[in-house]
Amino acid sequence: MVSLYSADLADVRINWDFVETGLKTIIGKNASDFIPADIYAAIANKELFLYWLISGTDTIGFGVFSVGDTSYSKSKALYIDHGYVDPKYKMGWRDSVELDAALEDLAKEIGCARLEFNSPRMGWGRRLRKLGWQPLTVTYKRDL
C-alpha cells in the first residue's frame, strides 16, 4: 500500500542525502533551473511541503507540494511540484492507483478542490489520463 507521510524540516535535514539525490535526478531528467538548496529553503520557509512516499514499511520516495489558488475559479489546488521514486523500487500500476488516492485524500484533508501537476516528460500524460487526470494546457518557454 503506497501512502504519504508528512515530513517536518528536521526529518528532511536528517534524510537530506536521499532528498538531494532525488532532486538532482529530477533536475537531470527535466533540465530544471533550480538547485536542491532552493527546495530546502522553500521547505524551511513553509512555501513547499515534503511528504514521504511509503510502501509498507519502506520509504520509496518523496513528493514536494505547494498549495495555491487555481487561475480562474480561485479554489485551492494541491500542486505536485516534484515527485521522486527511488529507482530500486519499481512502481507498478497498482502503486500508481494507491498514490493517486493518497494524493486525493491529502488534497481534501487540507481543503483543496483539485490536484495539479505538470512535467516536460510526455510519458506522464499517458499514465495520468488513465487515472482520470486531464490536460488543461501546454506551457511553452523561451529564455531571453
Side-chain angles (χ1 to χ4, degrees), residues 1-87 89-141:
M1 179 73 163
V2 176
S3 58
L4 296 169
Y5 177 78
S6 177
D8 61 21
L9 188 59
D11 216 9
V12 173
R13 186 180 177 96
I14 290 167
N15 296 287
W16 182 245
D17 287 343
F18 180 69
V19 174
E20 185 178 39
T21 296
L23 292 172
K24 286 180 177 179
T25 300
I26 292 165
I27 291 166
K29 287 183 177 183
N30 296 332
S32 300
D33 60 355
F34 69 89
I35 62 172
D38 295 331
I39 302 302
Y40 184 88
I43 292 168
N45 290 324
K46 298 186 179 185
E47 297 162 355
L48 295 174
F49 307 93
L50 189 138
Y51 279 75
W52 302 117
L53 275 64
I54 308 294
S55 178
T57 59
D58 298 327
T59 300
I60 62 168
F62 61 85
V64 178
F65 306 98
S66 58
V67 175
D69 290 338
T70 59
S71 56
Y72 299 109
S73 68
K74 301 300 181 203
S75 60
K76 280 175 44 175
L78 177 63
Y79 192 82
I80 305 162
D81 291 281
H82 306 289
Y84 173 75
V85 176
D86 189 323
Y89 183 81
K90 300 297 180 206
M91 226 169 133
W93 177 249
R94 181 177 175 177
D95 297 318
S96 297
V97 170
E98 291 171 354
L99 177 56
D100 191 61
L103 290 167
E104 185 175 324
D105 289 345
L106 174 61
K108 289 177 180 177
E109 181 181 313
I110 59 176
C112 293
R114 67 197 280 179
L115 293 163
E116 292 191 8
F117 172 79
N118 71 33
S119 173
R121 299 178 64 205
M122 299 307 284
W124 278 112
R126 288 186 295 276
R127 179 170 278 205
L128 291 173
R129 275 190 210 85
K130 290 178 184 176
L131 291 168
W133 292 67
Q134 56 183 284
L136 294 179
T137 186
V138 174
T139 302
Y140 295 93
K141 171 186 149 184

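The first residue of the sequence shown is numbered 1, and numbering continues consecutively from there. This one's a predicted model, so the numbers in the text were calculated from it and none came from an experiment.
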- Check: Val2 main-chain N/O paired with Asp95 side-chain donor or acceptor under 3.5 Å: no
With rounding to the nearest 0.5 angstrom, report the [atom1] to [atom2] distance, [X] to [Y].
X	Y	atom1	atom2	result
Leu115	Leu103	CG	CG	6.0 Å
Leu4	Tyr51	CG	OH	8.0 Å
Met1	Leu99	CE	CG	10.5 Å
Ser66	Ile43	OG	CD1	11.0 Å
Asp58	Leu53	CG	CG	12.0 Å

- Message: Would you call the rings of Phe18 and Phe62 parallel, tilted or perpendicular, taking 30° and 60° as the class edges?
- Response: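 The rings of Phe18 and Phe62 stand perpendicular, inter-plane angle above 60°.
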Please list, chain by chain and in numerical order, all residues satisfying side-chain contact (heavy atoms from CB on, under 4.5 Å) with [X], sequence neighbours excluded.
X	result
Tyr40	Leu9, Val12, Arg13, Trp16
Tyr5	Asp11, Trp52, Ile54
Glu104	Lys108

Checking [X] now: which residues fulfil salt bridge (charged side-chain N to carboxylate O under 4.0 Å, His left out) with it, not counting sequence neighbours?
X	result
Glu47	none
Asp86	Lys88
Lys76	none

- Task: Start with the C-alpha gap between Tyr84 and Leu23, add the side-chain angles, then the distance that decides, and say whether side-chain contact (heavy atoms from CB on, under 4.5 Å) holds.
- Result: CA-CA 8 Å; Tyr84 173 75; Leu23 292 172; over 6 Å; no
- Item | Beyond-backbone contact of Ile80 with Phe65, side-chain heavy atoms, under 4.5 angstrom |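 Yes. Closest side-chain heavy atoms under 4.5 Å.
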- Task: Determine whether Asp105 and Ser3 make a side-chain contact, defined as any pair of heavy atoms from C-beta on separated by less than 4.5 Å.
- Result: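 Asp105 vs Ser3: side chains apart.
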